[in-house]
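In this text, all values refer to a predicted model and were calculated from it rather than measured experimentally. In this chain, numbering begins with 1 at the start of the sequence shown. Counting convention: from 1, in listed order, for ligands and their atoms alike.
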Amino acid sequence: MVAVPVTDLKGVGTALALKLGKLGIHSVQDLLFHLPTRYQDRTRIRPLGSVQLGEEILIEGEVKLADIVMGRRRSLLCRVQDGTGQITLRFFHFNAAQKNAMRPGVLIRAFGEVRPGGAGLEMVHPEYQLVTGKWLAPPEQSLTPVYPMTEGLTQTRMRGLVRQAFTQFEQHPLPDLLPENLRQERALPELHAALRYLHQPPPNADQQALLMGRHPAQRRLALEELLAHHLSLTRIRHSIQQQGSWPMPEASDMSQAFLDQLPFSLTAAQQRVIAEIQQDLQRALPMLRLVQGDVGSGKTLVAALAAVQVIAAGYQVAVMAPTEILAEQHYQNFSRWFSALNVDVAWLAGKVKGKQRQQQLEQIATGGASVVVGTHALFQEEVKFARLALVVIDEQHRFGVHQRLSLREKGADGIRSPHQLIMTATPIPRTLTMSAYADLDCSIIDELPPGRTPVNTLVIADTRREEVIARVQQACAQGRQAYWVCTLIEESEALQCQAAEVTATHLAEQLPDIRIGLVHGRMKPAEKASVMEAFKSARLDLLVATTVIEVGVDVPNASLMIIENPERLGLAQLHQLRGRVGRGSVESFCVLMYHPPLSKQGRERLQVMRETTDGFRIAEKDLQLRGPGEVLGTRQTGMMQFRIADLERDADLLSEVQALAQPLYQHPKRVDALINRWMGSSEHYAQV
Ligand code: ADP
Ligand code: MG
């Protein structure tokens, strides 16, 4: 169906179209999907004797008195009675004609919010109409929608546009894209009826349900949107797989040589996941696999073994991490592991500049380097790969879908597309995986390497700070290392860094014998790296840090972590942080030093941290307590933005989505239409 631009509507010129565009409304159809956030009830006249403060209502009564009073502000007051009670209408902006028209005995109808006034109930600047000669029109037939707005647009205008849009579609209603039988099985309202209901609910509509987004008409739309989203991801997958990839034969010898140099053997979980990957790589279809594994489960090694198979076949591997610290750590690991096999590893990050950069770029372009490790610097135009056939992305949720896909394009030769391996340490509950990563197969490393002792977690009020400091002193005196993590509520990174600086100074005063380092997000990457390096090589005992150390840093000798104000962080983030300790064989501790008083939810969350170190349980709990946006880290990446659905509110619909999607694959036209309706142009990246 061709989209009709809003400018086709009466009274919509370019200026108004621009404003509508800000609300995501480009076509007449978009108007129908721009749903009200709430409703006003102008369908009934409410007796004044029964109204409550705060209600927005329609009233009608006789004007008793209208007077200009000079209070703090000059205002026009109009006293209205309806036989059950009375109310004062207050106007600050008015003219003489208005006042004169409000003659005692005249009938007035007003709509507004009831507030407490100096003399009983009051409405400030209500919308009103007077009965002068002709009768008032009957009240509205349906609830009045209140739409999400942008500057320069009024509700009245918006309502008019939506009405016009409905008239346009009256002749050719939007097709219902859900197959009839599916809709009937689930007793879902028909699309056009649902939309009409939501824009013009009948007077008896369940407003509470509408406000909560739980009305069947809303659920129907949410389900359709989730379905469209799911279909679009599976279509991306399908279109990638259409392209084919380079099959990589098994490389047993090189894999064995790689494993032989390791001081340990793989865990059963690592072996299982690697086997899954190795099979994927042997196929002529691009691998699309997500590896989930708790912090410390050994994902890097799994990636390295995948790389081995690709390198053995003569192709290149790109490994991308979200931060320089992490990327550098990967670079070190990969260089160490691969130098034994005479494989060159290139390194590309923002800080790699000048001649060194040219050299690396050349290595990548000529294929001299078989492995390329870096940050998003790898996306840049100037980076050309000779034979890229595997893209490994670590800590996926920090990159958006688009970034992930754009790196893939680096390897595509128009016919084939590289294999993709995505690794995340944030365990993602299953329902979410299905919707957020429907384009990926999923492997789970559900086992930690042996010899780790679970971290003991203590929850302590910051009134006991001295004790905690003494504990740090003791641990460092025994040759252990510790982290001290500072958090702040404010979004401002500057403030957070400042807080860490202050803490580091205080701790230095209180612990004169301890070598203290500081790392935070505002330091230059090189500074950060050198502090991390000093800590790693045990030239520092205590590392004061902001949450920048969250991801991936590996210092096995660190066995104590203090987290200040843990109540400010999400569970997933706490879990990530805590995963920095407990990497060696000594018993480790994590002290959650909260600032009292804790809210009920706060207590509950810290309790979860104390009870379990199982990332999946923590993720489930996090999902329950904070919702999917936070869990997936999509707030920042904007990866999943829904118009109507809300993953939290509609979580129960997710399990239906897959079942609904299945029979639809037989109707590719409907699938296209659904995706087009809900995702519109945002899906352009699906076409490679
Ligand atoms: P993550 O899954 O958090 O990325 P890493 O890959 O950084 O974990 O691994 C954490 C640590 O565990 C590293 O020091 C790594 O060398 C080590 N490791 C990985 N696999 C094993 C294993 N099978 N046995 C012992 N140690 C391992
Ligand atoms: Mg890692």
Provide the number and element of each atom of ligand 1 under 4.0 Å from a heavy atom of [X].
X: Ser265; result: 22 (C), 23 (N), 24 (N)
X: Leu266; result: 23 (N)
X: Thr267; result: 23 (N)

Would you call [X]-[Y] a salt bridge at under 4.0 Å N-O?
X: Asp294; Y: Lys299; answer: no
X: Arg605; Y: Glu567; answer: no
X: Glu527; Y: Arg522; answer: no

Best match, Pro556, Gly296, Ala321: closest heavy atom to atom 3 (O) of ligand 1: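 It is Gly296 whose heavy atom sits nearest to atom 3 (O) of ligand 1.
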
Test item, Gly579 contacting ligand 1 (heavy atom, 4.0 angstrom):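 No.
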
Ring geometry between Phe334 and Phe338 (parallel below 30°, tilted from 30 to 60°, perpendicular above 60°):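 Parallel.
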
Test: Arg471 cationic atom under 6.0 Å from Phe589 six-membered ring centre, within 45° of axis: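 Yes, a cation-pi geometry.
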
What part of [X] sits under 4.0 Å from ligand 1 if we count only heavy atoms: the side chain, the backbone, both or neither?
X: Met423; answer: neither
X: Thr300; answer: both
X: Asp294; answer: backbone

Test item: side-chain donor near acceptor, Gln329 and Asn333, under 3.5 Å: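 Gln329 vs Asn333: no donor-acceptor pair found between side chains.
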
Gly293-ligand 1 polar pair, N/O distance under 3.5 Å: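 It does not: no N or O of Gly293 is found under 3.5 Å from an N or O of ligand 1.
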
Distance-only N or O hit between ligand 1 and Trp337, under 3.5 Å: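 No.
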
Arg568 side, atom CZ; Tyr594 side, atom OH - distance, nearest 0.5 Å: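 It comes to 14.5 Å.
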
